[in-house]
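The block underneath contains the structure these notes are about, expressed in structure tokens.
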Amino acid sequence: MKISLSWDNGKKLCFDAGNKLNIFDIPAVSDAEKLRISCELPLADIHCLWYDRNLLHGGPAPIMEWRANFSCAQNSGMPFIAFFNRSSILRGAFGLTDLIDDAEFNAKINQQNCTYDLTIDVSLTWETGSFKLFADLRRDVDWSASLGAWRDLQGIALPEFPAGAWEPVFCTWYAVHACITAQWVEKIVPQLVDLGFKTLIIDDGWCYDEHKRVTPETLQDWYSVVGDWNISDKKFPDFAAHVQRVKAMGMKYMVWVAPHMIGTTSVFYKRCNYAVLPPVHEGCGHLDVNYREETAGLCRKVAAFARDNKLDGLKIDFLDIVPPQVGDPRGRATLDMVKNLVGEIRRDNPAALIEFRQRYATLAMMPYATQFRAGDAPFDWMLNFHRVANIRLTMGDKIPVHADPAYWAANEEPKNVSRHMIAMLAGVPMLSMDPETLSERDVKIVKYWINFYQANRQLLNFGHWEIHFGYRDVAMAAVDDDSGRIAIVSDPGAMAKALDLPADKELKVLNLSDEVLNFPGAECFAPDGTPTAAGMIVPGGWGRRA
């Protein structure tokens, strides 16, 4: 296979790639602003694709997409795509070690030539330097092994994450949206501590006086007041004292911010609207990080808010809201913003907790966040499971991957409440149910599974995870270490793989499926932990082979 490189200044280069793992050096070209990498991948025995989009939508695309395209940069996604067959065996994977600059991937089916015509366009700056092209054309490995090889090529050292990054979290968002007050928070915290939660995230709603819930009507101008990052004294009188009271009850205190979002009624917008990108959506425009001075001032203000109120950290949201664009890049400016903001926060509190969301839960962000959360999945435990599993797949082991907060209807069936809790055990569990409205039955189930997490946290957090896909969904996520295995099974067809463990190792199987799983000789439990018939795991239950 020929891989061609062409720069916009006329320079050209060509590589010969064989059926092996190829790593090519791409030189820095100081007077170029754009690079195009192109090749033709034969379509024989290609049935599936996996790329950045799949981080949010579950498993690999189970069809041959006529045109697969995505953009990525420091603040959104990652430069990698894989092609493989129905047996998950690789037929080609391509990636870059430049994780910062804006890039665009396009794969188009060429019917005449029976190929996927792949182009990768990369925006170049004077800071880009040389980097590597990853072209894996092995035909005897699982595609996820290729993803792992690309991840290893980055050479990013695993940070030492603070202890708080592994603790169960309660987030206020789905529970109350912007109808939040200091009084309500202090009322529920003892209940949360009793349930086993150690960290509190105060989500959107703290920086304006209005009390509102998300509806199609309120969303139209929801964010019009954000951007100045001043506490609402009506909701939180004497905020600093409130924070200390909550911390004294036994919870770490984090607060939501979205520094890219500038509401149209904010003081920042009125003073600096030239630094806000259109269009206005849901009441806000988006900060243009190419205005470095204005961006740095906003970062200093957010960091000062965290410092002055002795917060334990920040949930930093919507860093991906400005899409990567090769023709109008902001990847490196976003990197500077993240470095400045996180650097200011850690200067005051080296153990600060920093949450990033799924679209920027990537290797490029590894040095800056302490926990990486799945994208929004209220009511949908299976989607939550998919998203947590995909972060595990892309970022590797021993990373604090956090589930999206579990949230369900008040009349939800016990097996489904349990499945919400089980799905989150592929990461660190997070809840956003108002504890004052939880039924006694649901309290029992939540407490049971949080205790399960705590009892198994060493294996869950520091073992080796393997993610197995079915036709489209994640069929099983299993974690192993020297002590044994925990397998979360959503497809009964994956049960044989879950049970494939030496008999002298402890095995626990958690049932996300709709069917009773046959686990011969196992001690089995219902969703609330009560014993059930031996060897038969009911939906929402689990079994143990000691």
Side-chain angles (χ1 to χ4, degrees), residues 52 55-56 72-79 99-100 151 154 156-162 164-167 169 171 173 199 201-204 229 252 254-261 286-287 289 295 298-299 302-303 306 311-324 330-346 349-377 384 387-396 398-405 424 426-430 432 461:
D52 173 65
L55 284 171
L56 289 176
C72 56
Q74 165 75 19
N75 64 310
S76 180
M78 60 183 192
L99 304 176
I100 300 169
R151 182 176 62 238
Q154 312 304 321
I156 298 173
L158 194 68
E160 184 175 344
F161 298 104
W166 308 99
E167 296 292 354
V169 177
C171 177
W173 179 240
T199 298
I201 294 178
I202 302 298
D203 214 294
D204 183 11
W229 311 113
K252 293 188 179 297
M254 297 174 66
V255 168
W256 171 89
V257 293
H260 263 119
M261 303 179 74
H286 309 135
L287 178 68
V289 291
T295 299
L298 190 149
C299 289
V302 170
L311 300 179
D312 293 301
L314 295 175
K315 169 183 175 175
I316 302 178
D317 213 353
F318 292 111
L319 291 181
D320 59 329
I321 203 164
V322 178
R330 287 177 176 79
R332 291 196 173 268
T334 301
L335 174 59
D336 287 345
M337 175 189 181
V338 171
K339 280 183 176 179
N340 291 340
L341 178 55
V342 173
E344 291 268 358
I345 293 167
R346 288 180 174 163
N349 180 7
L353 302 174
I354 306 292
E355 181 195 282
F356 284 176
R357 196 164 23 163
Q358 184 134 20
R359 286 284 294 164
Y360 44 102
T362 60
L363 298 178
M365 292 297 197
M366 185 92 77
Y368 308 110
T370 62
Q371 51 230 62
F372 300 89
R373 177 179 64 84
D376 294 8
N384 208 0
R387 291 180 171 178
V388 172
N390 271 296
I391 299 176
R392 288 272 183 218
L393 186 68
T394 56
M395 297 196 72
K398 302 178 183 178
I399 306 292
V401 177
H402 285 216
D404 189 53
M424 295 193 294
V428 177
M430 189 182 302
S432 192
N461 292 325

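What you see is a predicted model; the values in this text were computed from it and never measured.
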Quick check against the 3.5 Å criterion: does [X] have a side-chain atom that pairs as donor or acceptor with the backbone of [Y]?
| X | Y | result |
| --- | --- | --- |
| Tyr360 | Phe318 | yes |
| Asn75 | Leu319 | yes |
| Thr199 | Lys252 | no |
| Asp404 | Asn384 | no |
| Arg346 | Tyr368 | yes |

Look up atom [atom1] in [X] and atom [atom2] in [Y], then write down how far apart they are to the nearest 0.5 Å.
| X | Y | atom1 | atom2 | result |
| --- | --- | --- | --- | --- |
| Thr334 | His260 | OG1 | NE2 | 4.5 Å |
| Phe356 | Thr370 | CZ | OG1 | 9.0 Å |
| Trp173 | Ile201 | CH2 | CD1 | 13.0 Å |
| Lys398 | Leu158 | NZ | CG | 7.5 Å |
| Phe372 | Ile391 | CZ | CD1 | 9.0 Å |
| Ile202 | Leu314 | CD1 | CG | 12.5 Å |

| field | Non-neighbouring partners of Ser76 that pass side-chain contact (heavy atoms from CB on, under 4.5 Å), sequence neighbours left out | value |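 Only Asp320, Pro324, Arg359 meet the side-chain contact (heavy atoms from CB on, under 4.5 Å) criterion with Ser76.
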Are [X] and [Y] close enough that some pair of their side-chain heavy atoms sits under 4.5 Å apart?
| X | Y | result |
| --- | --- | --- |
| Leu287 | Met337 | yes |
| Thr394 | Leu363 | no |
| Asn340 | Thr295 | no |
| Phe161 | Ile399 | yes |
| Met254 | Gln371 | yes |
| Lys315 | Arg373 | yes |
| Met424 | His402 | no |
| Arg332 | Asp336 | no |

[X] to [Y] - nearest heavy-atom pair and separation:
| X | Y | answer |
| --- | --- | --- |
| Met395 | Thr362 | CE-O, 3.4 Å |
| Met366 | Ala157 | CG-O, 4.4 Å |
| Ile345 | Ala352 | CG2-CB, 3.6 Å |
| Cys171 | Met430 | CB-SD, 4.0 Å |
| Ala374 | Gln358 | CA-OE1, 3.3 Å |
| Gly427 | Val388 | N-CG1, 3.6 Å |

task: Please assess Ile156 against Leu99 for the test side chain to side chain contact (heavy atoms under 4.5 Å, CB included), listing each intermediate value before the final yes or no.
output: CA-CA 11 Å; Ile156 298 173; Leu99 304 176; 3.9 Å; yes
> Please walk me through it: do Leu311 and Leu353 pass side chain to side chain contact (heavy atoms under 4.5 Å, CB included)?
Replying inline: CA-CA 9 Å; Leu311 300 179; Leu353 302 174; over 6 Å; no
**Q.** salt_bridge(Arg387, Asp376) N-O dist < 4.0 Å
**A.**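 Judged by the 4.0 Å cut-off on N to carboxylate O distance, Arg387 and Asp376 do not form a salt bridge.
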